[in-house]
Structures are given as C-alpha cells and as structure tokens.
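Worksheet: the structure to be examined is printed underneath.
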Amino acid sequence: QLDLVESGGGLVQPGGSLRLSCVAFGYRLDYYSIGWFRQAPGQEREGVMCISESGDMTNYADSVKGRFTISRDNAKKTVYLQMNNLKPDDTGVYSCAIRGFSDCPSTFRTAYFGSWGQGTQVTVSS
C-alpha cells in the first residue's frame with residue numbers, strides 16, 4: 001500500500017517562502033510522476049505542478065509561474081514544492097498524489113492521480 005504524507009505547511013506572511021515535502025511510504029517513486037495540488041475553502045481542487053520521472057515540470061496554475069518550483073529526491077522518496085513570494089491567494093490545503101505513469105498529463109484532472117495524501121495547510125496572511 002502506498003501512502004503519501006505531506007508536511008511543511010504553516011502560517012507565513014505575504015512575500016514569504018515555504019517548502020512542502022511529500023514523502024512516500026511503502027513504495028518507491030522512481031518511475032512515476034507526482035503532482036502537487038491545492039484546495040482553498042469553498043473552492044475546487046486545483047492542480048499546481050507535476051514532476052515527471054525524468055524531472056520535467058508541468059505547471060497547471062498560471063498564478064504560480066516564476067514563484068513555485070517542484071523537485072524530487074528519489075533516494076529519499078520525496079517530492080518538494082518550493083513556494084516563494086507567497087500571496088494570500090495561495091492559501092489552502094496542499095496535497096500530493098501519484099500518477100501511475102512516468103510523464104505528467106498536460107492538463108490537470110483529479111482522476112489522473114491517486115493515493116492522495118491528507119494534505120498540509122498553508123496560510124498566507126499578515
């Protein structure tokens with residue numbers, strides 16, 4: 001059974017940074033793509049970024065371009081989301097999920113991913 005556990009969220013002021021971690025338990029991530037997603041209160045889940053087996057990044061949210069970066073460390077079975085210059089609109093629960101293929105889909109659909117983690121809360125507020 002594959003479990004994904006997110007961490008690194010918290011309360012940060014606008015302009016601040018956070019690095020989220022998504023750790024896999026019970027499975028290696030080497031051959032799969034992993035995505036980060038977020039859900040704000042009262043909103044639908046939104047795709048943020050995805051990283052392929054080879055490290056190629058796919059961005060699903062225009063609002064994070066130039067501010068967020070996704071990376072992976074297969075030896076640690078961990079995928080990171082580095083978030084810089086955070087804005088109040090970035091507030092939400094951030095989750096990771098695995099896709100059973102090596103590449104990231106060009107568009108985000110919840111059905112393309114599985115083994116969702118519980119999420120970590122990110123709050124951007126002064």
Side-chain angles (χ1 to χ4, degrees):
Q1 178 181 347
L2 170 65
D3 290 319
L4 299 177
V5 179
E6 304 91 340
S7 63
L11 173 63
V12 63
Q13 292 187 342
S17 297
L18 285 173
R19 188 176 79 156
L20 306 183
S21 298
C22 169
V23 181
F25 294 91
Y27 215 78
R28 294 183 64 90
L29 299 179
D30 301 43
Y31 305 112
Y32 303 103
S33 55
I34 306 293
W36 276 102
F37 313 90
R38 66 186 181 186
Q39 188 165 20
Q43 305 273 334
E44 291 188 355
R45 181 179 283 156
E46 173 189 29
V48 178
M49 300 188 82
C50 177
I51 187 165
S52 71
E53 171 205 10
S54 60
D56 294 330
M57 293 182 285
T58 300
N59 187 8
Y60 297 127
D62 288 341
S63 63
V64 308
K65 282 182 180 177
R67 300 189 297 122
F68 289 13
T69 303
I70 190 171
S71 61
R72 64 192 298 159
D73 185 334
N74 289 336
K76 295 182 178 180
K77 297 194 287 185
T78 302
V79 173
Y80 303 99
L81 184 68
Q82 177 67 44
M83 306 186 296
N84 299 326
N85 190 22
L86 282 160
K87 303 176 180 181
D89 284 349
D90 295 319
T91 294
V93 177
Y94 283 69
S95 304
C96 59
I98 192 168
R99 171 170 160 82
F101 297 93
S102 60
D103 63 327
C104 293
S106 57
T107 58
F108 165 68
R109 290 210 174 110
T110 302
Y112 291 161
F113 294 86
S115 298
W116 295 85
Q118 292 295 312
T120 184
Q121 176 70 44
V122 172
T123 303
V124 185
S125 175
S126 55

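Just so you know, these numbers come straight off a predicted model, no measurement behind them. Side chains are part of it too, since the values below use all heavy atoms of this structure and drop only hydrogens, waters and symmetry mates. Throughout, numbering of the chain's residues begins at 1 and tracks the sequence.
For D30, the salt bridge (charged side-chain N to carboxylate O under 4.0 Å, His left out) partners are R28, not counting sequence neighbours.
Residues C104 and F113 fail the side-chain proximity criterion, which asks for heavy atoms closer than 4.5 Å. Contact of the P88 side chain with the P14 side chain is registered, since non-hydrogen atoms from C-beta on lie closer than 4.5 Å. Contact of the V122 side chain with the M83 side chain is registered, since non-hydrogen atoms from C-beta on lie closer than 4.5 Å. Put simply, the side chain of C50 does not reach to within 4.5 Å of the side chain of R99, judged on heavy atoms.
Panel note: side chain R72, backbone S52; a donor-acceptor pair is recorded below 3.5 Å. The backbone N or O of V124 sits less than 3.5 Å from a side-chain atom of T91, completing a donor-acceptor pair.
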Check your understanding: Checking side chain to side chain contact (heavy atoms under 4.5 Å, CB included) for the pair L11/S125: CA distance, chi angles, key distance, verdict?
Key -> CA-CA 7 Å; L11 173 63; S125 175; 4.2 Å; yes
Practice item. Assess whether side chain to side chain contact (heavy atoms under 4.5 Å, CB included) is satisfied between S33 and D103, documenting all intermediate values. Key: CA-CA 6 Å; S33 55; D103 63 327; 5.6 Å; no
Exercise for review: Give the intermediate values and the outcome of side chain to side chain contact (heavy atoms under 4.5 Å, CB included) for residues T69 and M57.
Suggested key: CA-CA 8 Å; T69 303; M57 293 182 285; 4.1 Å; yes
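Of the options E6, R38, Q39, a side-chain hydrogen bond (donor to acceptor under 3.5 Å, both in side chains) to Y94 is made by R38 and by none of the others. Just one of W36, Y80, F68 meets the side-chain contact (heavy atoms from CB on, under 4.5 Å) condition when paired with L20; it is W36.
Taking the six-membered ring for Trp and the full ring otherwise, F37 and W116 have centroids separated by under 6.0 Å.
Smallest separation of non-hydrogen atoms from N59 and K65: ND2-CG, 2.6 Å.
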